[in-house]
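All chains are named by letter (A, B, ...) in the order of the sequence lines, taking the proteins before the strands, and each is independently numbered beginning at 1.
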Number of protein chains: 2
Amino acid sequence: MNKIDLTSCPICSKLQIDNQETLLDDLKYSVKTYKKNELIIRQGEICDGLYMLMLGSVKTEMITENGNTLGIEIIKAPLPLAPAFVFSDNNRFPVDVTTLEEVEIMKIPKDEIMRLMITNHDFMSSFMTHNANRTQFLTNRLQLLSIKTIKGKIAHFLLENSTSEGKPFNINRNQTELAEFFGVARPSLARSLSEIVQDGIIKIEKKEYTILNYKGLRELLI
Amino acid sequence: MNKIDLTSCPICSKLQIDNQETLLDDLKYSVKTYKKNELIIRQGEICDGLYMLMLGSVKTEMITENGNTLGIEIIKAPLPLAPAFVFSDNNRFPVDVTTLEEVEIMKIPKDEIMRLMITNHDFMSSFMTHNANRTQFLTNRLQLLSIKTIKGKIAHFLLENSTSEGKPFNINRNQTELAEFFGVARPSLARSLSEIVQDGIIKIEKKEYTILNYKGLRELLI
DNA sequence: TTGAATGTGTAACAATTGTGACATATTTAT
DNA sequence: ATAAATATGTCACAATTGTTACACATTCAA
(Lines give C-alpha, C1' and ligand atoms only; values in the text may rest on other atoms or scores of the structure.)
Protein backbone atom coordinates (compact mmCIF):
# COMPACT_ATOMS: atom_id res chain seq x y z
CA MET A 1 0.00 0.00 0.00
CA ASN A 2 1.32 3.45 -0.88
CA LYS A 3 2.29 5.86 1.83
CA ILE A 4 0.01 8.84 1.58
CA ASP A 5 1.12 12.25 2.78
CA LEU A 6 -1.64 14.17 4.40
CA THR A 7 0.46 16.72 6.23
CA SER A 8 -0.64 19.51 3.93
CA CYS A 9 -4.30 18.57 4.15
CA PRO A 10 -6.12 20.97 6.46
CA ILE A 11 -8.26 18.34 8.10
CA CYS A 12 -5.47 15.88 8.73
CA SER A 13 -2.44 18.06 9.32
CA LYS A 14 -2.87 18.31 13.05
CA LEU A 15 -2.55 14.58 13.45
CA GLN A 16 0.82 13.40 14.74
CA ILE A 17 2.79 11.59 12.07
CA ASP A 18 2.65 8.25 13.88
CA ASN A 19 -1.03 8.78 14.52
CA GLN A 20 -1.49 9.39 10.84
CA GLU A 21 -0.02 6.03 10.02
CA THR A 22 -1.99 4.01 12.53
CA LEU A 23 -4.96 6.03 11.42
CA LEU A 24 -4.53 4.98 7.85
CA ASP A 25 -3.75 1.41 8.75
CA ASP A 26 -6.99 1.00 10.63
CA LEU A 27 -9.05 3.08 8.28
CA LYS A 28 -11.40 1.50 5.82
CA TYR A 29 -11.19 3.33 2.55
CA SER A 30 -10.95 2.88 -1.19
CA VAL A 31 -8.90 4.76 -3.76
CA LYS A 32 -9.83 5.42 -7.37
CA THR A 33 -7.97 7.18 -10.13
CA TYR A 34 -9.49 9.20 -12.95
CA LYS A 35 -8.21 10.68 -16.18
CA LYS A 36 -8.24 14.30 -17.26
CA ASN A 37 -11.59 15.96 -18.02
CA GLU A 38 -13.65 13.16 -16.53
CA LEU A 39 -16.95 14.04 -14.91
CA ILE A 40 -16.53 12.10 -11.69
CA ILE A 41 -19.42 13.33 -9.57
CA ARG A 42 -22.75 14.50 -10.84
CA GLN A 43 -24.86 17.15 -9.13
CA GLY A 44 -27.55 15.34 -7.14
CA GLU A 45 -25.63 12.12 -6.52
CA ILE A 46 -25.81 10.67 -3.04
CA CYS A 47 -22.80 11.53 -0.93
CA ASP A 48 -22.31 8.59 1.39
CA GLY A 49 -18.76 9.21 2.46
CA LEU A 50 -15.91 11.65 2.52
CA TYR A 51 -14.21 12.08 -0.84
CA MET A 52 -10.63 13.13 -0.34
CA LEU A 53 -8.80 14.48 -3.36
CA MET A 54 -5.32 13.01 -2.90
CA LEU A 55 -3.67 13.93 -6.17
CA GLY A 56 -4.42 16.36 -8.98
CA SER A 57 -7.06 19.05 -9.26
CA VAL A 58 -10.75 19.27 -10.07
CA LYS A 59 -13.28 21.97 -10.78
CA THR A 60 -16.75 22.13 -9.34
CA GLU A 61 -19.68 23.74 -11.06
CA MET A 62 -23.35 24.07 -10.53
CA ILE A 63 -25.87 23.43 -13.26
CA THR A 64 -28.61 25.98 -13.00
CA GLU A 65 -32.15 24.95 -13.78
CA ASN A 66 -32.00 27.01 -16.97
CA GLY A 67 -29.07 24.92 -18.13
CA ASN A 68 -26.33 27.48 -17.52
CA THR A 69 -23.30 26.51 -15.52
CA LEU A 70 -21.98 28.50 -12.61
CA GLY A 71 -18.35 27.81 -11.83
CA ILE A 72 -17.85 27.37 -8.13
CA GLU A 73 -14.21 26.65 -7.50
CA ILE A 74 -11.06 24.84 -8.41
CA ILE A 75 -9.80 22.36 -5.81
CA LYS A 76 -6.23 21.11 -5.62
CA ALA A 77 -5.07 18.06 -3.70
CA PRO A 78 -4.96 17.30 -0.86
CA LEU A 79 -8.40 18.55 0.08
CA PRO A 80 -11.76 16.95 0.73
CA LEU A 81 -14.61 17.43 -1.75
CA ALA A 82 -17.84 18.85 -0.34
CA PRO A 83 -17.06 17.48 3.14
CA ALA A 84 -20.06 19.12 4.72
CA PHE A 85 -22.50 17.08 2.72
CA VAL A 86 -21.64 13.77 4.29
CA PHE A 87 -23.64 14.87 7.30
CA SER A 88 -26.45 16.89 5.80
CA ASP A 89 -29.99 15.57 5.95
CA ASN A 90 -30.21 15.68 2.18
CA ASN A 91 -26.79 14.21 1.53
CA ARG A 92 -26.49 14.89 -2.16
CA PHE A 93 -23.67 16.61 -3.96
CA PRO A 94 -24.65 20.17 -4.85
CA VAL A 95 -22.22 20.36 -7.77
CA ASP A 96 -20.70 18.57 -10.70
CA VAL A 97 -17.05 17.64 -10.16
CA THR A 98 -14.79 17.37 -13.19
CA THR A 99 -11.11 16.48 -13.21
CA LEU A 100 -8.67 19.02 -14.62
CA GLU A 101 -5.82 16.50 -14.74
CA GLU A 102 -5.15 12.95 -13.63
CA VAL A 103 -6.70 12.56 -10.25
CA GLU A 104 -6.69 10.18 -7.31
CA ILE A 105 -9.58 10.14 -4.90
CA MET A 106 -9.86 8.34 -1.58
CA LYS A 107 -13.32 7.57 -0.30
CA ILE A 108 -13.92 7.08 3.41
CA PRO A 109 -17.35 5.81 4.53
CA LYS A 110 -19.44 8.05 6.72
CA ASP A 111 -19.30 5.84 9.80
CA GLU A 112 -15.53 5.73 9.56
CA ILE A 113 -15.47 9.53 9.62
CA MET A 114 -17.72 9.43 12.63
CA ARG A 115 -15.37 7.01 14.36
CA LEU A 116 -12.38 9.19 13.52
CA MET A 117 -14.03 12.25 14.99
CA ILE A 118 -14.87 10.49 18.20
CA THR A 119 -11.51 8.85 18.70
CA ASN A 120 -9.41 11.77 17.56
CA HIS A 121 -10.33 15.22 18.76
CA ASP A 122 -7.69 16.95 16.68
CA PHE A 123 -9.28 15.47 13.62
CA MET A 124 -12.69 16.56 14.81
CA SER A 125 -11.47 20.06 15.44
CA SER A 126 -9.84 20.48 12.07
CA PHE A 127 -12.77 18.90 10.31
CA MET A 128 -15.05 21.45 11.99
CA THR A 129 -12.75 24.31 11.11
CA HIS A 130 -12.44 23.21 7.53
CA ASN A 131 -16.19 23.00 7.13
CA ALA A 132 -16.55 26.38 8.76
CA ASN A 133 -14.07 27.81 6.28
CA ARG A 134 -16.06 26.30 3.46
CA THR A 135 -19.17 28.03 4.73
CA GLN A 136 -17.24 31.25 4.71
CA PHE A 137 -16.13 30.57 1.16
CA LEU A 138 -19.73 30.08 0.10
CA THR A 139 -20.66 33.29 1.86
CA ASN A 140 -17.99 35.13 -0.10
CA ARG A 141 -19.27 33.55 -3.28
CA LEU A 142 -22.72 34.80 -2.37
CA GLN A 143 -21.31 38.26 -1.83
CA LEU A 144 -19.65 38.25 -5.23
CA LEU A 145 -22.85 37.16 -6.95
CA SER A 146 -24.82 39.82 -5.14
CA ILE A 147 -22.77 42.58 -6.75
CA LYS A 148 -24.89 43.59 -9.68
CA THR A 149 -22.51 45.17 -12.16
CA ILE A 150 -19.87 43.19 -13.98
CA LYS A 151 -17.24 45.84 -13.32
CA GLY A 152 -18.11 45.63 -9.65
CA LYS A 153 -17.57 41.88 -9.69
CA ILE A 154 -14.27 42.28 -11.46
CA ALA A 155 -13.15 44.88 -8.94
CA HIS A 156 -14.19 42.74 -5.99
CA PHE A 157 -12.45 39.73 -7.43
CA LEU A 158 -9.21 41.48 -8.34
CA LEU A 159 -8.96 43.34 -5.04
CA GLU A 160 -9.44 40.06 -3.23
CA ASN A 161 -6.81 38.30 -5.30
CA SER A 162 -4.15 40.98 -5.48
CA THR A 163 -1.26 40.62 -3.11
CA SER A 164 0.67 43.81 -2.49
CA GLU A 165 -0.05 47.19 -3.99
CA GLY A 166 0.84 47.46 -7.67
CA LYS A 167 2.39 44.03 -8.04
CA PRO A 168 1.26 41.68 -10.79
CA PHE A 169 -0.54 38.51 -9.82
CA ASN A 170 -1.82 35.47 -11.64
CA ILE A 171 -5.42 34.46 -12.11
CA ASN A 172 -5.60 30.80 -13.00
CA ARG A 173 -8.80 31.09 -14.98
CA ASN A 174 -9.39 32.05 -18.56
CA GLN A 175 -12.08 34.51 -19.58
CA THR A 176 -14.65 31.82 -20.16
CA GLU A 177 -14.08 30.39 -16.70
CA LEU A 178 -14.09 33.83 -15.12
CA ALA A 179 -17.39 34.60 -16.84
CA GLU A 180 -18.83 31.37 -15.44
CA PHE A 181 -17.46 32.22 -12.03
CA PHE A 182 -19.16 35.60 -12.14
CA GLY A 183 -22.30 34.19 -13.64
CA VAL A 184 -22.23 36.53 -16.66
CA ALA A 185 -21.94 36.13 -20.40
CA ARG A 186 -18.44 35.83 -21.76
CA PRO A 187 -18.58 38.69 -24.31
CA SER A 188 -20.03 40.95 -21.63
CA LEU A 189 -17.11 40.18 -19.35
CA ALA A 190 -14.66 40.79 -22.18
CA ARG A 191 -16.25 44.16 -22.85
CA SER A 192 -16.10 45.23 -19.23
CA LEU A 193 -12.52 44.03 -18.87
CA SER A 194 -11.38 45.91 -21.95
CA GLU A 195 -13.08 49.07 -20.73
CA ILE A 196 -11.31 48.86 -17.39
CA VAL A 197 -8.04 48.31 -19.22
CA GLN A 198 -8.68 51.27 -21.53
CA ASP A 199 -9.38 53.44 -18.52
CA GLY A 200 -5.88 52.60 -17.33
CA ILE A 201 -7.14 50.98 -14.14
CA ILE A 202 -5.66 47.55 -14.74
CA LYS A 203 -3.24 45.87 -17.11
CA ILE A 204 -3.73 42.33 -18.40
CA GLU A 205 -1.05 40.18 -19.95
CA LYS A 206 -2.29 36.66 -20.58
CA LYS A 207 -3.35 35.55 -17.11
CA GLU A 208 -1.19 38.09 -15.31
CA TYR A 209 -3.15 41.02 -13.94
CA THR A 210 -1.72 44.28 -12.60
CA ILE A 211 -3.72 46.90 -10.78
CA LEU A 212 -2.53 50.32 -11.92
CA ASN A 213 -5.08 52.45 -10.11
CA TYR A 214 -6.41 51.06 -6.83
CA LYS A 215 -8.62 54.03 -6.13
CA GLY A 216 -10.25 53.77 -9.51
CA LEU A 217 -10.79 50.06 -9.08
CA ARG A 218 -12.39 50.52 -5.67
CA GLU A 219 -14.76 53.09 -7.11
CA LEU A 220 -16.16 50.45 -9.41
CA LEU A 221 -17.63 48.78 -6.32
CA ILE A 222 -19.91 51.75 -5.67
CA MET B 1 -32.74 30.12 36.58
CA ASN B 2 -35.39 29.55 33.91
CA LYS B 3 -35.92 26.12 32.44
CA ILE B 4 -35.13 26.30 28.76
CA ASP B 5 -36.73 23.94 26.29
CA LEU B 6 -34.39 22.89 23.58
CA THR B 7 -36.27 19.86 22.36
CA SER B 8 -37.23 21.56 19.14
CA CYS B 9 -33.72 22.84 18.50
CA PRO B 10 -32.04 20.73 15.84
CA ILE B 11 -28.65 20.68 17.50
CA CYS B 12 -29.94 19.81 20.96
CA SER B 13 -32.98 17.69 20.30
CA LYS B 14 -31.16 14.39 20.31
CA LEU B 15 -29.99 14.91 23.85
CA GLN B 16 -31.89 12.93 26.44
CA ILE B 17 -34.05 15.15 28.59
CA ASP B 18 -32.06 14.44 31.72
CA ASN B 19 -28.88 14.99 29.80
CA GLN B 20 -30.26 18.29 28.67
CA GLU B 21 -30.73 19.40 32.23
CA THR B 22 -27.33 18.35 33.52
CA LEU B 23 -25.96 19.81 30.35
CA LEU B 24 -27.46 23.17 31.07
CA ASP B 25 -26.55 23.05 34.75
CA ASP B 26 -22.88 22.55 33.98
CA LEU B 27 -22.81 24.82 30.98
CA LYS B 28 -21.29 28.25 31.18
CA TYR B 29 -23.44 30.64 29.25
CA SER B 30 -25.04 34.07 29.30
CA VAL B 31 -28.45 35.21 28.16
CA LYS B 32 -29.35 38.62 26.76
CA THR B 33 -32.66 40.02 25.63
CA TYR B 34 -33.21 42.54 22.87
CA LYS B 35 -36.12 44.65 21.68
CA LYS B 36 -37.78 44.66 18.29
CA ASN B 37 -35.81 46.03 15.32
CA GLU B 38 -32.51 46.09 17.16
CA LEU B 39 -29.33 45.52 15.17
CA ILE B 40 -27.72 42.98 17.46
CA ILE B 41 -24.82 41.69 15.40
CA ARG B 42 -22.92 43.63 12.82
CA GLN B 43 -21.31 42.09 9.75
CA GLY B 44 -17.61 41.66 10.51
CA GLU B 45 -17.89 41.35 14.28
CA ILE B 46 -15.81 38.65 15.94
CA CYS B 47 -17.79 35.52 16.64
CA ASP B 48 -16.25 34.02 19.77
CA GLY B 49 -19.03 31.70 20.80
CA LEU B 50 -22.23 30.05 19.78
CA TYR B 51 -25.20 32.41 19.69
CA MET B 52 -28.38 30.48 20.29
CA LEU B 53 -31.63 32.23 19.48
CA MET B 54 -33.90 31.05 22.31
CA LEU B 55 -36.95 33.23 21.76
CA GLY B 56 -38.30 35.36 18.94
CA SER B 57 -37.06 35.77 15.40
CA VAL B 58 -34.38 37.69 13.56
CA LYS B 59 -33.42 38.45 10.00
CA THR B 60 -29.94 38.26 8.58
CA GLU B 61 -28.71 40.37 5.71
CA MET B 62 -25.49 41.01 3.95
CA ILE B 63 -24.28 44.48 3.18
CA THR B 64 -22.69 44.50 -0.24
CA GLU B 65 -19.66 46.66 -0.90
CA ASN B 66 -21.80 48.92 -3.06
CA GLY B 67 -24.07 49.56 -0.11
CA ASN B 68 -26.97 47.40 -1.19
CA THR B 69 -28.40 44.86 1.19
CA LEU B 70 -28.99 41.27 0.28
CA GLY B 71 -31.53 39.53 2.50
CA ILE B 72 -30.27 36.13 3.52
CA GLU B 73 -32.87 34.55 5.76
CA ILE B 74 -35.30 34.80 8.60
CA ILE B 75 -34.44 32.69 11.65
CA LYS B 76 -36.97 31.66 14.28
CA ALA B 77 -36.16 30.34 17.76
CA PRO B 78 -34.80 27.94 18.80
CA LEU B 79 -31.92 27.92 16.37
CA PRO B 80 -28.26 28.86 16.48
CA LEU B 81 -27.04 31.93 14.59
CA ALA B 82 -24.19 31.34 12.14
CA PRO B 83 -22.97 28.32 14.10
CA ALA B 84 -20.30 27.47 11.57
CA PHE B 85 -18.39 30.65 12.18
CA VAL B 86 -17.36 29.81 15.70
CA PHE B 87 -14.80 27.44 14.24
CA SER B 88 -13.71 29.21 11.07
CA ASP B 89 -10.20 30.62 10.84
CA ASN B 90 -11.59 34.06 10.20
CA ASN B 91 -14.27 33.91 12.86
CA ARG B 92 -16.30 36.95 11.92
CA PHE B 93 -20.00 37.17 11.33
CA PRO B 94 -20.74 37.35 7.61
CA VAL B 95 -24.06 39.14 8.10
CA ASP B 96 -25.96 41.77 10.02
CA VAL B 97 -28.50 40.31 12.42
CA THR B 98 -31.58 42.37 13.26
CA THR B 99 -34.41 41.38 15.59
CA LEU B 100 -37.90 41.16 14.14
CA GLU B 101 -39.52 41.02 17.59
CA GLU B 102 -38.44 40.72 21.18
CA VAL B 103 -35.60 38.27 21.29
CA GLU B 104 -33.60 36.26 23.78
CA ILE B 105 -30.14 35.04 22.90
CA MET B 106 -27.94 32.62 24.77
CA LYS B 107 -24.23 32.81 24.20
CA ILE B 108 -22.03 29.79 24.81
CA PRO B 109 -18.25 30.26 24.69
CA LYS B 110 -16.31 28.38 22.05
CA ASP B 111 -14.43 26.13 24.46
CA GLU B 112 -17.68 25.11 26.07
CA ILE B 113 -18.97 24.04 22.67
CA MET B 114 -15.78 22.11 22.19
CA ARG B 115 -16.28 20.39 25.53
CA LEU B 116 -19.88 19.56 24.70
CA MET B 117 -18.90 17.98 21.43
CA ILE B 118 -16.27 15.83 23.05
CA THR B 119 -18.37 14.68 25.96
CA ASN B 120 -21.58 14.24 24.04
CA HIS B 121 -21.45 12.54 20.69
CA ASP B 122 -25.12 13.07 19.98
CA PHE B 123 -24.56 16.77 20.32
CA MET B 124 -21.55 16.55 18.06
CA SER B 125 -23.49 14.63 15.47
CA SER B 126 -26.40 17.03 15.39
CA PHE B 127 -24.11 20.02 15.39
CA MET B 128 -22.35 18.59 12.35
CA THR B 129 -25.62 17.85 10.62
CA HIS B 130 -26.98 21.26 11.34
CA ASN B 131 -23.89 22.95 9.92
CA ALA B 132 -24.05 20.69 6.91
CA ASN B 133 -27.66 21.70 6.37
CA ARG B 134 -26.64 25.34 6.58
CA THR B 135 -24.06 24.76 3.89
CA GLN B 136 -26.78 23.27 1.78
CA PHE B 137 -28.95 26.29 2.43
CA LEU B 138 -26.18 28.59 1.26
CA THR B 139 -25.74 26.44 -1.82
CA ASN B 140 -29.42 26.83 -2.60
CA ARG B 141 -29.12 30.56 -2.08
CA LEU B 142 -26.24 30.55 -4.52
CA GLN B 143 -28.36 28.66 -6.99
CA LEU B 144 -31.17 31.18 -6.70
CA LEU B 145 -28.81 34.09 -7.24
CA SER B 146 -27.26 32.39 -10.23
CA ILE B 147 -30.56 32.40 -12.07
CA LYS B 148 -30.33 35.46 -14.24
CA THR B 149 -33.89 36.46 -14.97
CA ILE B 150 -36.24 37.77 -12.33
CA LYS B 151 -39.06 35.56 -13.57
CA GLY B 152 -36.72 32.61 -13.27
CA LYS B 153 -35.98 33.49 -9.69
CA ILE B 154 -39.65 33.86 -8.91
CA ALA B 155 -40.39 30.50 -10.50
CA HIS B 156 -37.59 28.78 -8.62
CA PHE B 157 -38.68 30.33 -5.36
CA LEU B 158 -42.37 29.56 -5.75
CA LEU B 159 -41.83 25.99 -6.91
CA GLU B 160 -39.59 25.45 -3.90
CA ASN B 161 -42.11 26.91 -1.50
CA SER B 162 -45.31 25.44 -2.87
CA THR B 163 -46.67 22.43 -1.06
CA SER B 164 -49.07 20.35 -3.09
CA GLU B 165 -50.17 21.01 -6.64
CA GLY B 166 -52.53 23.95 -6.96
CA LYS B 167 -52.93 24.69 -3.27
CA PRO B 168 -52.33 28.20 -1.96
CA PHE B 169 -49.37 28.80 0.29
CA ASN B 170 -48.07 31.71 2.29
CA ILE B 171 -44.86 33.60 1.68
CA ASN B 172 -43.89 35.46 4.80
CA ARG B 173 -42.10 38.25 3.00
CA ASN B 174 -43.44 41.42 1.45
CA GLN B 175 -42.37 42.55 -2.00
CA THR B 176 -39.57 44.70 -0.70
CA GLU B 177 -38.12 41.79 1.26
CA LEU B 178 -38.56 39.43 -1.65
CA ALA B 179 -36.73 41.86 -3.89
CA GLU B 180 -33.87 41.99 -1.40
CA PHE B 181 -33.89 38.21 -1.19
CA PHE B 182 -33.60 37.94 -4.94
CA GLY B 183 -31.08 40.75 -5.15
CA VAL B 184 -33.18 42.78 -7.59
CA ALA B 185 -34.87 46.18 -7.61
CA ARG B 186 -38.30 46.29 -6.05
CA PRO B 187 -40.19 47.83 -9.01
CA SER B 188 -38.57 45.32 -11.32
CA LEU B 189 -39.84 42.50 -9.15
CA ALA B 190 -43.31 44.04 -9.06
CA ARG B 191 -43.34 44.26 -12.83
CA SER B 192 -42.29 40.65 -13.30
CA LEU B 193 -44.79 39.46 -10.71
CA SER B 194 -47.67 41.32 -12.33
CA GLU B 195 -46.73 39.94 -15.73
CA ILE B 196 -46.77 36.39 -14.40
CA VAL B 197 -50.13 37.10 -12.81
CA GLN B 198 -51.52 38.58 -16.04
CA ASP B 199 -50.36 35.50 -17.92
CA GLY B 200 -52.56 33.48 -15.58
CA ILE B 201 -49.63 31.47 -14.23
CA ILE B 202 -50.03 32.46 -10.59
CA LYS B 203 -52.51 34.24 -8.38
CA ILE B 204 -51.49 36.55 -5.54
CA GLU B 205 -53.72 37.62 -2.69
CA LYS B 206 -51.78 39.58 -0.07
CA LYS B 207 -49.07 37.13 0.90
CA GLU B 208 -50.96 34.08 -0.29
CA TYR B 209 -49.70 32.68 -3.56
CA THR B 210 -51.41 30.10 -5.76
CA ILE B 211 -49.81 28.43 -8.73
CA LEU B 212 -52.41 28.10 -11.48
CA ASN B 213 -50.17 26.75 -14.21
CA TYR B 214 -47.24 24.63 -13.09
CA LYS B 215 -46.04 23.91 -16.60
CA GLY B 216 -45.97 27.60 -17.43
CA LEU B 217 -44.13 28.39 -14.24
CA ARG B 218 -41.50 25.75 -14.89
CA GLU B 219 -40.95 27.12 -18.37
CA LEU B 220 -39.85 30.41 -16.83
CA LEU B 221 -36.78 28.59 -15.55
CA ILE B 222 -35.55 27.96 -19.07
C1' DT C 1 -60.20 56.99 14.43
C1' DT C 2 -57.08 59.30 12.04
C1' DG C 3 -52.64 60.56 10.60
C1' DA C 4 -48.24 58.47 9.66
C1' DA C 5 -45.68 54.98 7.98
C1' DT C 6 -45.18 51.31 5.07
C1' DG C 7 -46.33 48.60 1.09
C1' DT C 8 -47.90 48.13 -3.78
C1' DG C 9 -48.82 49.25 -8.80
C1' DT C 10 -47.21 51.42 -12.64
C1' DA C 11 -44.98 54.42 -16.05
C1' DA C 12 -41.19 56.51 -19.03
C1' DC C 13 -36.67 56.32 -19.68
C1' DA C 14 -31.70 55.09 -18.94
C1' DA C 15 -28.28 51.78 -18.30
C1' DT C 16 -26.48 47.43 -18.43
C1' DT C 17 -26.14 43.02 -20.02
C1' DG C 18 -27.10 39.19 -23.18
C1' DT C 19 -27.04 37.25 -27.98
C1' DG C 20 -25.12 35.72 -32.03
C1' DA C 21 -21.84 36.32 -35.18
C1' DC C 22 -17.41 36.68 -36.84
C1' DA C 23 -12.23 37.47 -37.17
C1' DT C 24 -8.12 36.73 -35.08
C1' DA C 25 -4.96 34.86 -31.70
C1' DT C 26 -3.18 31.22 -28.96
C1' DT C 27 -2.64 26.64 -27.35
C1' DT C 28 -2.71 21.71 -27.89
C1' DA C 29 -2.17 17.32 -29.89
C1' DT C 30 -0.43 14.53 -33.53
C1' DA D 1 5.25 21.73 -37.96
C1' DT D 2 0.70 21.97 -38.74
C1' DA D 3 -4.09 21.26 -38.27
C1' DA D 4 -7.57 21.38 -34.88
C1' DA D 5 -9.31 23.03 -30.88
C1' DT D 6 -9.75 26.56 -27.76
C1' DA D 7 -9.56 31.35 -26.33
C1' DT D 8 -10.06 36.26 -27.10
C1' DG D 9 -11.66 40.83 -29.11
C1' DT D 10 -15.32 43.14 -30.97
C1' DC D 11 -19.62 44.46 -33.13
C1' DA D 12 -24.74 45.70 -33.76
C1' DC D 13 -28.78 44.81 -31.82
C1' DA D 14 -32.25 42.81 -28.55
C1' DA D 15 -33.79 42.05 -24.07
C1' DT D 16 -33.90 42.75 -19.42
C1' DT D 17 -33.40 45.30 -15.51
C1' DG D 18 -32.63 49.56 -12.85
C1' DT D 19 -34.07 54.37 -11.74
C1' DT D 20 -37.04 57.80 -10.40
C1' DA D 21 -41.27 59.32 -9.68
C1' DC D 22 -45.83 59.35 -8.12
C1' DA D 23 -50.62 57.64 -6.98
C1' DC D 24 -53.01 54.65 -4.26
C1' DA D 25 -53.74 50.98 -0.76
C1' DT D 26 -52.90 49.00 3.54
C1' DT D 27 -51.24 48.62 8.14
C1' DC D 28 -49.81 50.55 12.44
C1' DA D 29 -49.76 53.40 16.42
C1' DA D 30 -51.34 57.15 19.26
| query | What's the CD1-C1' distance between B:I196 and D:dT16, to the nearest Å? | reply |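 For the pair B:I196 CD1 and D:dT16 C1', the rounded distance is 14 Å.
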| Between P of D:dA7 and CD1 of A:I204, the distance in whole Å | 16 Å
Tabulate below the donor-acceptor pairs under 3.5 Å that side-chain atoms of residues 177-197 of chain A make, not counting sequence neighbours, or state none.
residue : atom : partner : partner atom : Å
A:E177  : OE1  : A:N174  : N            : 3.1
A:E180  : OE2  : A:T69   : OG1          : 3.2
A:S192  : OG   : A:S188  : O            : 3.3
A:S194  : OG   : A:R191  : O            : 3.0
A:E195  : OE1  : A:K151  : NZ           : 2.9

Side-chain polar contacts of residues 31-42 of chain A - donor-acceptor pairs under 3.5 angstrom, sequence neighbours left out - could you list them?
residue : atom : partner : partner atom : Å
A:E38   : OE1  : A:K35   : N            : 2.6

| task | Using modelled atom types only, decide if a donor and an acceptor are shared between the side chain of B:T149 and the backbone of B:G152 within a distance under 3.5 Å. | result | yes
Show the atom names and distances, to 0.1 Å, of all donor-acceptor pairs under 3.5 Å that link a side chain in residues 50-58 of chain A to residues at least two apart or in another chain.
residue : atom : partner : partner atom : Å
A:Y51   : OH   : A:K107  : NZ           : 3.4
A:S57   : OG   : A:E101  : OE2          : 2.5

| field | Nucleotide nearest B:S194 (side chain, heavy atoms from C-beta), chosen from D:dT8, C:dG18, C:dT10 | value |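 Comparing D:dT8, C:dG18, C:dT10 against the side chain of B:S194, the answer is C:dT10.
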| Of the nucleotides D:dT10, C:dT17, D:dT8, which has the atom closest to the A:I150 side chain? | C:dT17
| request: Specify the angle, to 10°, made by the local axes at the two ends of the helix from C:dT1-D:dA30 to C:dT30-D:dA1 when five pairs are taken at each end. | output: 60°
| Residue-phosphate contact under 4.0 Å: B:Q175 side-chain N/O, C:dG9 OP1/OP2 |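 Yes.
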Donor-acceptor contacts under 3.5 Å from residues 200-215 of chain B side chains, at least two apart:
residue : atom : partner : partner atom : Å
B:N213  : OD1  : B:K215  : N            : 3.2
B:N213  : OD1  : B:G216  : N            : 2.8
B:Y214  : OH   : B:S162  : OG           : 3.4

| said: Can you build the contact string for nucleotides 19-30 of chain D? Use B for base contact, S for sugar-phosphate-only contact, and - for no protein heavy atom under 4.0 Å. | reply: BB------S---
Distance-only donor-acceptor hits, side chain of residues 88-97 of chain A, under 3.5 Å, sequence neighbours excluded:
residue : atom : partner : partner atom : Å
A:S88   : OG   : A:F85   : O            : 3.3
A:S88   : OG   : A:N90   : O            : 3.1
A:S88   : OG   : B:Q136  : OE1          : 3.4
A:D89   : OD2  : B:N133  : ND2          : 2.7
A:N91   : ND2  : A:C47   : O            : 3.2
A:R92   : NH1  : A:G44   : O            : 2.7
A:D96   : OD1  : A:Q43   : N            : 2.6

| note | With sequence neighbours left out, the residues meeting ring pair (Phe, Tyr, Trp, His ring centres under 6.0 Å) with B:F127 are B:F123
| field | side chain to side chain donor-acceptor pair (under 3.5 Å) partners for B:R141, two or more places apart | value | none
